[in-house]
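Protein chains get the first letters and strands the later ones, always in sequence-line order, with residue 1 at the start of each. Everything quoted here is computed from the prediction, not taken from an experiment. Just so it is clear, the values below take in all heavy atoms, side chains as well, and ignore hydrogens, waters and symmetry mates.
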2 protein chains.
Amino acid sequence: MSIKVLIADDHQIMREGLRALLEKEPDIKVLGEAEDGRMIQRMARELRPDVIIMDVAMPDLNGIEATRQIVAELPGVKIIALSMHDDRRFVLNMLKAGAAGYMLKDCAFKDLAKAIRVVMSHKTFLSPEVADIVVKDYLSTTQPTEASAFNLLSPREREVLQLIAEGKTSALIGESLHISIKTVETHRQQIMVKLKIRSVAELTKYAIREGLTSA
Amino acid sequence: MSIKVLIADDHQIMREGLRALLEKEPDIKVLGEAEDGRMIQRMARELRPDVIIMDVAMPDLNGIEATRQIVAELPGVKIIALSMHDDRRFVLNMLKAGAAGYMLKDCAFKDLAKAIRVVMSHKTFLSPEVADIVVKDYLSTTQPTEASAFNLLSPREREVLQLIAEGKTSALIGESLHISIKTVETHRQQIMVKLKIRSVAELTKYAIREGLTSA
DNA sequence: CTTACAATGGGGAGAACTACTGATATCCGG
DNA sequence: CCGGATATCAGTAGTTCTCCCCATTGTAAG
């Protein structure tokens with residue numbers, strides 16, 4: 001009795017590579033591949049796989065949403081997220097959606113094979129980097145509180161972050177907002193603590209990702 | 001006489017998948033894998049492959065820079081870019097850097113296999129979407145207006161800029177490149193003078209626009 | 001062979017940022 | 001009314017960056 005697996009990823013070559021690797025495993029059978037969230041949802045309903053390898057970032061219906069819906073509909077199906085990003089929002093949202101595992105594309109295939117067998121026994125499998133994030137987050141927050149930019153940072157902090165990402169110095173930001181430079185520095189500090197970021201470059205990228213400014 | 005291939009991609013599972021697929025081809029031999037631009041450069045020098053499958057976005061030394069340097073050093077080596085992005089800046093910069101092909105990760109493996117054989121006969125191979133971009137760009141611009149980073153900044157400066165945009169301090173960059181912090185600061189200064197930019201935030205955005213790093 | 005640029009390295013000064021310590025006032029929800 | 005979050009401001013210390021000055025080496029172009 002082999003493990004029935006579905007693959008969901010928007011990049012065909014990734015799907016083919018995964019299939020080639022999985023087909024080397026004697027106890028794993030690949031039932032099919034999907035290239036977006038909607039397609040994987042349909043296939044899951046029809047083919048009843050044991051495990052779905054799910055890319056997080058997909059067009060149309062993303063991996064997180066697809067996971068949420070599939071888990072609700074087919075509780076027995078185990079979903080392993082496979083992502084390039086170790087961004088904590090992705091990880092946490094995916095796990096909240098009901099994923100049984102979260103692997104980075106950075107990991108070795110044997111780890112993924114292991115993950116498949118682990119989740120089959122109703123356990124959770126995280127790659128080490130991801131486990132790290134989950135633990136850190138668990139320790140740092142008594143209350144999970146949705147964990148996104150727009151309720152993590154206060155309005156004023158977002159305002160300051162935007163000006164930082166526009167290349168302004170603290171002094172200029174102070175003038176612009178009619179507050180003292182020390183206040184700006186306090187906000188800066190708070191932003192970095194909250195986001196666990198330690199450089200302007202990464203703050204800028206964060207601001208771009210959050211739409212506070214554009215590249 | 002089989003075709004000797006190297007793989008460069010920062011995601012291990014992508015490398016393994018590609019290797020599994022390539023090893024099914026009787027006339028292709030995978031010599032090795034690298035996870036960043038610097039490593040692939042070294043491996044290319046030592047192993048003299050026929051073809052390098054090169055991811056565009058890699059940490060440390062990115063695919064574009066690595067391509068530029070490898071092509072300059074080993075003119076016989078054919079480089080096929082393999083990227084998730086069909087962003088025209090990536091495509092054009094990669095081709096300018098001397099890549100013999102540009103494939104999207106979205107493509108079928110048989111297309112990649114075909115690309116390998118095409119570039120071996122000293123021709124260029126582009127996946128259809130990419131060809132589209134190239135043609136459009138060719139039609140729309142009589143003169144490509146070379147006023148971008150890739151002839152304004154020197155290779156070393158681009159390298160330093162990438163690391164700055166990744167949030168590294170000058171000290172860390174110095175360690176990473178095995179040069180003194182003062183040299184890094186000189187490069188930093190040169191970059192800012194050339195680009196008329198005065199903050200890390202704007203440098204970061206510039207690097208993102210030029211495809212040196214991603215948000 | 002000169003000229004120009006790239007890459008390397010250094011000194012010094014001041015600005016800017018990072019990282020802590022405080023404090024006070026407001027407002028909002030339980 | 002109290003606790004928590006937000007927003008304001010200050011001090012101090014250390015780090016990092018910015019911006020000048022300068023030099024040497026190698027290499028490519030003219």
Side-chain angles (χ1 to χ4, degrees), chain A residues 140-207 212, chain B residues 38 41 61 65 68-69 71-73 75 97 146 149-207:
Chain A
S140 66
T141 62
T142 45
Q143 195 156 353
T145 66
E146 274 307 314
S148 165
F150 292 93
N151 40 10
L152 193 54
L153 298 185
S154 71
R156 197 57 154 176
E157 284 162 358
R158 286 194 291 274
E159 211 173 334
V160 171
L161 174 54
Q162 180 178 343
L163 294 170
I164 292 172
E166 286 171 6
K168 296 197 165 61
T169 65
S170 293
L172 283 176
I173 295 171
E175 281 177 38
S176 163
L177 300 180
H178 305 293
I179 56 180
S180 106
I181 185 173
K182 292 304 293 187
T183 305
V184 177
E185 286 182 342
T186 303
H187 287 314
R188 256 187 129 109
Q189 188 64 21
Q190 264 305 104
I191 292 166
M192 295 213 196
V193 168
K194 284 183 176 178
L195 301 182
K196 300 190 183 73
I197 282 179
R198 248 159 298 273
S199 69
V200 176
E202 284 181 287
L203 279 184
T204 305
K205 291 184 180 188
Y206 184 89
L212 288 174
Chain B
R38 214 169 305 283
Q41 198 184 3
L61 184 65
E65 216 39 64
R68 198 189 315 281
Q69 296 183 14
V71 167
E73 191 181 338
E146 296 286 327
F150 292 86
N151 40 11
L152 195 54
L153 299 184
S154 73
R156 197 54 153 178
E157 284 161 358
R158 288 192 291 273
E159 220 173 319
V160 171
L161 175 54
Q162 180 180 348
L163 295 170
I164 292 172
E166 284 171 10
K168 297 198 165 62
T169 65
S170 294
L172 283 176
I173 294 170
E175 281 178 35
S176 164
L177 299 180
H178 306 293
I179 56 180
S180 105
I181 185 174
K182 289 306 291 187
T183 305
V184 177
E185 287 182 343
T186 303
H187 288 314
R188 255 186 129 110
Q189 188 63 21
Q190 266 305 104
I191 292 165
M192 295 214 209
V193 167
K194 284 184 177 178
L195 302 182
K196 300 190 182 69
I197 282 178
R198 248 158 298 273
S199 71
V200 176
E202 285 182 285
L203 280 183
T204 305
K205 290 183 178 188
Y206 186 88

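Whole-Å rounding puts the L152(B) CG to dA6(C) C1' distance at 14 Å. Going from atom CZ of R156(A) over to atom C1' of dT8(D) covers 9 Å, rounded to whole Å. What separates CD1 of I191(B) from P of dA7(C) is a distance of 10 Å, to the nearest Å. Counting to the nearest Å, the C1' atom of dC17(C) and the CG atom of L172(A) are 14 Å from each other. Whole-Å rounding puts the I179(B) CD1 to dA6(C) P distance at 15 Å. For the pair L153(A) CG and dA7(D) P, the computed distance is 10 Å after rounding to whole Å. Note: CD (E157(A)) to P (dT8(D)) measures 10 Å, nearest angstrom.
V200(B) is linked by a side chain to side chain contact (heavy atoms under 4.5 Å, CB included) to V200(A), A201(A), I164(B), R188(B), T204(B), counting only residues two or more places apart in sequence or in another chain. Every side chain to side chain contact (heavy atoms under 4.5 Å, CB included) that L177(A) has, sequence neighbours left out, goes to R156(A), E159(A), V160(A), L163(A), I173(A), I179(A). Under the side chain to side chain donor-acceptor pair (under 3.5 Å) criterion, E157(B) pairs with S154(B), K194(B), not counting sequence neighbours. With sequence neighbours excluded, the residues satisfying side chain to side chain contact (heavy atoms under 4.5 Å, CB included) with I197(B) are L195(B), E202(B), L203(B), Y206(B). For E73(B), the side chain to side chain donor-acceptor pair (under 3.5 Å) partners at least two apart in sequence or on another chain are R45(B). Contacts of Q162(A) classified as side chain to side chain donor-acceptor pair (under 3.5 Å), with partners at least two apart in sequence or in another chain: E166(A).
Interatomic distance, NZ of K168(A) versus CD of E175(A), reported as 11.0 Å (0.5 Å rounding). The line from CD of E185(A) to CD1 of I181(A) is 5.0 Å long, rounded to the nearest 0.5 Å.
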Would you list the protein and nucleotides 24-30 of chain C atom pairs, both N or O, that sit under 3.5 Å from each other?
none

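In the region residues 159-166 of chain A, proximity to DNA chain C at under 4.0 angstrom, judged on heavy atoms, holds for none of the residues.
R158(B) places a side-chain N or O within donor-acceptor distance of the main-chain N or O of L153(B), the cut-off being under 3.5 Å. A side-chain donor-acceptor contact under 3.5 Å links T186(A) to the backbone of K182(A). Of the possible polar contacts, none joining the K205(A) side chain to the K205(B) backbone as a donor-acceptor pair under 3.5 Å is found.
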Revision key, fill the gap. Once base and sugar-phosphate atoms are separated, protein heavy atoms under 4.0 Å mark nucleotides 17-30 of chain D, 5' to 3', with B, S and - as SBB-----------

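Residues H178(A) and K194(A) each lie close to DNA chain D; by heavy-atom proximity, the contact nearer the 5' end of the strand is made by K194(A).
Smallest separation of non-hydrogen atoms from S199(A) and M192(A): N-SD, 4.5 Å. In terms of heavy atoms, A207(A) sits closest to L161(A) at CB-CG, 4.2 Å.
Residue S180(B) is in sugar-phosphate contact alone, with no base atom involved, counting any heavy-atom pair closer than 4.0 Å across all strands shown.
Five base pairs at each end of the helix from dC1(C)-dG30(D) to dG30(C)-dC1(D) define two local axes, and these are offset by 50° (rounded to 10°).
Phosphate contact (OP1/OP2 of dG9(C), side-chain N/O of H187(B), threshold under 4.0 Å): absent.
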